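Written out below as C-alpha cells is the structure these notes cover.
None of these values were measured; they are calculated from a predicted model. The chains referred to below are lettered A, B, ... by the order of the sequence lines, with proteins before strands, and numbering in each begins at 1.
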2 protein chains.
Amino acid sequence: MSSTKIFKGDIVFTTTPERFTLIENGFIVVVNGKVDNVYTVLPETYKNFQITDYSNKLIIPGMNDLHCHASQFKHLGMAMDKELIPWLNDYTFPEESRFKDTEYSKRIYGKFIKEIWKQGTTRIALFATVHKNSSMDLIELFINSGLGAFVGKVNMDTNCPPYICETLESSLEDTEEMIIKYKDRSSLVKPIITPRFVPSCSSELLKGLGELSIKYNVPVQSHLSENRNEIAWVKELFPALKYYGDVYNKFNLFGQTPTLMAHCSFSSDEEIALMKENNVMAVHCPSSNLNVGSGMMPIRKFLDNNIRLGFGSDISGGHTCSIFKTMVYAIQVSKLFWANSNKEISFLSNPEAFYIATKGGGSFFGKVGSFEKDYEFDALIIDDSNLNYANYTLEQRLERFIYVGDDRHILHRYVSGNLIEEPKGIA
Amino acid sequence: MSSTKIFKGDIVFTTTPERFTLIENGFIVVVNGKVDNVYTVLPETYKNFQITDYSNKLIIPGMNDLHCHASQFKHLGMAMDKELIPWLNDYTFPEESRFKDTEYSKRIYGKFIKEIWKQGTTRIALFATVHKNSSMDLIELFINSGLGAFVGKVNMDTNCPPYICETLESSLEDTEEMIIKYKDRSSLVKPIITPRFVPSCSSELLKGLGELSIKYNVPVQSHLSENRNEIAWVKELFPALKYYGDVYNKFNLFGQTPTLMAHCSFSSDEEIALMKENNVMAVHCPSSNLNVGSGMMPIRKFLDNNIRLGFGSDISGGHTCSIFKTMVYAIQVSKLFWANSNKEISFLSNPEAFYIATKGGGSFFGKVGSFEKDYEFDALIIDDSNLNYANYTLEQRLERFIYVGDDRHILHRYVSGNLIEEPKGIA
C-alpha cells in the first residue's frame, strides 16, 4: 500500500553547488517517504489529494551534520579559552569517562538530541565514547527520535588517560557486538566504526577495525590533519607511511567502506588525491576550527578537486549545533582565503554552502539532501514571516534565515516523509 | 528625593580586562540610577528596603555597540556574497536613499530599535543616513525607548551617487540644526558628528564638521583603515598627509572631542600612536570584517598599546546585532592571529572580551559598563536556568550564555536604573 503526501510552499534546494532551484508556491509530491516530483503547477492527477499547506513558508531539505561529539554536549560553549591539551585533559576526557554511567549518559544524550532536533538537523554522524552500553543507548534514543544517525562507539587503546583507555580486545569485541546488534535494526540509525584518531589507536586496533568494517560493510569516521602537531605526531608513530591518511588507508579505514574524515585543514595534495580516489568525504568544521585555533580547511581546494564535502558542528570544539550557523562560518572562513589570496581563491557562494549542508553531506546517508526524484523527504518548514517584512526574493529570504534566523523559525521537521515531533521525556 | 533600589543575584562584571569580579548571591545597591555599592552580605542599613530578587540569575552590565548603521537594518544577513562596491551601489546606497521618506524610516528604525533591545544592547553609537528629518526621528524613537544612543546624521558631499549626495552647505546646516536641537534634550540620547569616511567628504566639509564638533563640544565617529584599497584612496586624495587618521586629525575630527573610529584593521604604528595620544577609541567589528572579507583588526596590538576599545555590530556588514555574538567573533578572530603567530600573540581572554563589550565601550557614554561605585546601573538579567543543568561555576555559566545563549535568556534590561520595556507600537 503506497502513501502519497503533497506539500505546498516556497521550495528551495540545490541539485548542484552552482545554483539554487527555487519554486515559489510550488508542490512536492512524496510517495512512501520519497520525493516523487516537484511541480510549479500541481497536475490534475492529484486534484483529489489532501495538500499540506505551507504557503508563504520555506520548504528546504533538512540539515546534515557529519561530525559531532555527542558526549561533549555538556561542555558546549565552555572552556573556549583553554588550549587543546588542557582542554582534553581537564574537560573532555574526564567528561567522556562519565559515560560509563548509563543514567548520566541518557540524560546528556537526551538533551543533545533535543538540541539538534531544535536546530533542524535531521541526520547526523556521531562520536559517542568508548563505552559500549551508553553508545547503544544513544542508538536507541535516536531510533525513538525518528531522526537519522550514524553512531560510533569511540575506539582508543593507547595515548589516552587510563580511565578511558580500552584494551585492544575489549575495544574490538565491543565494537563487533554493537555492529551485529544494530547494523540491520533500523533504516535510519546505524553504527559506524570510529577510531578516535591515529595516535589513540594501536596498529593492531586499526587493523582490527579495518577488518570489521569490511566484514560487516560498516562505514568509518575519524579525524584527519586537523593541526600541524598532530600530523607530526602521526609521522613519528608511522614513519614509513607517506602522510596521515595513508595510515588509515593501510588499515582499510580510508574509503574501503564509506568514510568521513573531519577537518582536513592541512591535507597535502597527495592526501587529497587519495581522498578523491577512495571517495572519502571531507567534513568541514569551521566553528570548531576557529574556536580551537587549529587551522582552516581550504574548502575551495576540495571543491575544485571534486572531493565529497559535508559540514560538521564538531561539538564541543564547535559551539553551535546549528548547521545554518556552520554555513555562515564556512562562508566567512572561505573569505579569509579569498582576502589572503588577493581574491584569487573565490569564497563559498550561498548555493555552494547550502549544497554542502544538504545534498553534499546528505549523500553519506543515501539519497538525502535534495528534492530530486527518489530522494528521502527530509525537510524543514521555515516560517520566516517576521524576517520577511519587505519585498525580499525567495533567495534573499533563505539567506536572511540562514544568517539571522534561529530555531524559532523552524516550524516542522520531516525525515523520510515523517513529521518528527520534539523528543519527549527529557529533563 | 533619592531613590534606592536593591538587586539580588549572581553578579558578574569587570573592573579591568584581566579578570571577572564574581559575586554569587550578591546585592547591588543603586541610588538614583547609579551603583552605590556591591555587597556579598547586605548591610543592616538596608534591612527594611525592598529587594528585587533575581536569585539564580546572572546580573551583568548591559552591552554597548559602538558602531552600527541603523539604516541598513532591512539588509541584515543579505547580499553577503556581494563584493564591497556592488554591495554599496546595488544595496546600501539605494536603501539609504529611502530614508528621505520619514514614514519608511520610522518603520525600519522602529524594527531596528526593537531588535537591539531584544539582544541586550543598552547603549549604541549609530550611523543614520544623510537625511536630517529621519535622523532626528531616530533620536526621538530612542528617547522614547529609554535606551542610550549617539545618533549621527551621515555627512557626504563627494564620491557618492547623486541621489544621496549632499551639498557642502546643506550638510553643515543640517548637522548644526540637529546638534542645536538635540545636544541638551536628553541625558541618554545625543547627536554625534558623522562624516561617512574621508573619501566621501570634501576638505571643506571635513573642516566644517571639525569646527562644529569643537564649537558645540560634540563627539565624532567615522571609519578608519578598514581595507587596503580605501587607505590607498585616502592617500591619493590627501597626498600630503602621512596616514589615514592624519586627515581626520588635521580637521579636528580625531580626538579633539571624544571620537570613535571603526575597524582600524590596517592602522600603522604611527596611526595607533596618534589614537593613543588623542584618546581615540578603536571599534572592533569582527563579524563585519569576516563577512566583508576586508581585513582583521589585530586587537592585541591595541590592547598592548592601551588604546580605548569597544565592539561594533556594524550592521549590515555585520549580520548580528548581538554584542555577545560579537564577543565570540572577536575571540575567534584573535585566535587567527594567535595561530598565525605560532602562539606568540595571545588571543582574547573571556574577561578581556567582556571588558571591551561593557566597561571599555561603555566609557564612551560616561560611567557606563561596570558595577563600580557611581556607574550608571545599565544591566541585563540573564535567566540561564535551561543552560545551567550541571555543576557549572559562575564564570562557566557566563561563558555558556555568551556562546550558546540568545535573547530568550535575557529576562530584563535596565538603563540608568530604569527597567526598559519592549519598544511598543512597532509593526
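Contacts with chain B were tallied for A/Arg408, A/Met80, A/Gln396, A/Lys74; A/Arg408 has the most, counting heavy-atom pairs under 4.5 Å. Looking only at heavy-atom pairs under 4.5 Å with chain A, the residue among B/Gly405, B/Ala339, B/Ala79, B/Gly295 that has the most is B/Ala79. Ranked by heavy-atom pairs under 4.5 Å with chain B, the first of A/His75, A/Glu83, A/Met296 is A/Glu83. In terms of heavy-atom pairs under 4.5 angstrom with chain A, the leader among B/Leu336, B/Ile108, B/Thr320, B/Ile402 is B/Leu336. If you tally non-hydrogen atom pairs under 4.5 Å between each of A/Ser322, A/Ser287, A/Gly293, A/Ser334 and chain B, the highest count goes to A/Gly293. Interface check for chain B: of the options A/Ile331, A/Val292, A/Asn350, the most heavy-atom pairs under 4.5 Å are formed by A/Asn350. Among the candidates B/Phe347, B/Tyr392, B/Tyr389, B/Phe401, the residue making the largest number of heavy-atom pairs closer than 4.5 Å to chain A is B/Tyr389.
Around the CG atom of B/Asn89, the shell of radius 6.0 Å holds more than 12 heavy atoms that belong to other residues, nucleotides or ligands. More than 12 heavy atoms of other residues, nucleotides or ligands sit less than 6.0 Å from atom CD of A/Glu18. Annotation for B/Asn386: atom CG counts as buried by contact number, over 12 foreign heavy atoms lying within 6.0 Å. When the shell of 6.0 Å around CG of B/Asp304 is examined, it contains more than 12 heavy atoms from other residues, nucleotides or ligands. Within a 6.0 Å sphere centred on NZ of A/Lys100, other residues, nucleotides and ligands contribute 12 heavy atoms or fewer.
Neither the backbone nor the side chain of B/Asn340 has a heavy atom closer than 4.5 Å to any heavy atom of chain A. Heavy atoms of B/Leu76 lying under 4.5 Å from chain A belong to its backbone as well as its side chain. Only the side chain of B/Tyr329 comes within contact range of chain A, with heavy atoms under 4.5 Å apart. The contact between A/Asp406 and chain B is made entirely by side chain atoms (from C-beta outward), counting heavy-atom distances below 4.5 Å.
Going from atom CG of B/Asn342 over to atom CZ of A/Arg228 covers 9.5 Å, rounded to the nearest 0.5 Å.
Side-chain contact between B/Glu395 and A/Met78 is absent, with no heavy atoms from C-beta onward closer than 4.5 Å. Considering only heavy atoms from C-beta on, B/Asn291 comes within 4.5 Å of A/Tyr403 through its side chain.
Pairing each heavy atom of A/Leu290 with each of B/Lys335, the nearest pair is O-CD, 3.5 Å.
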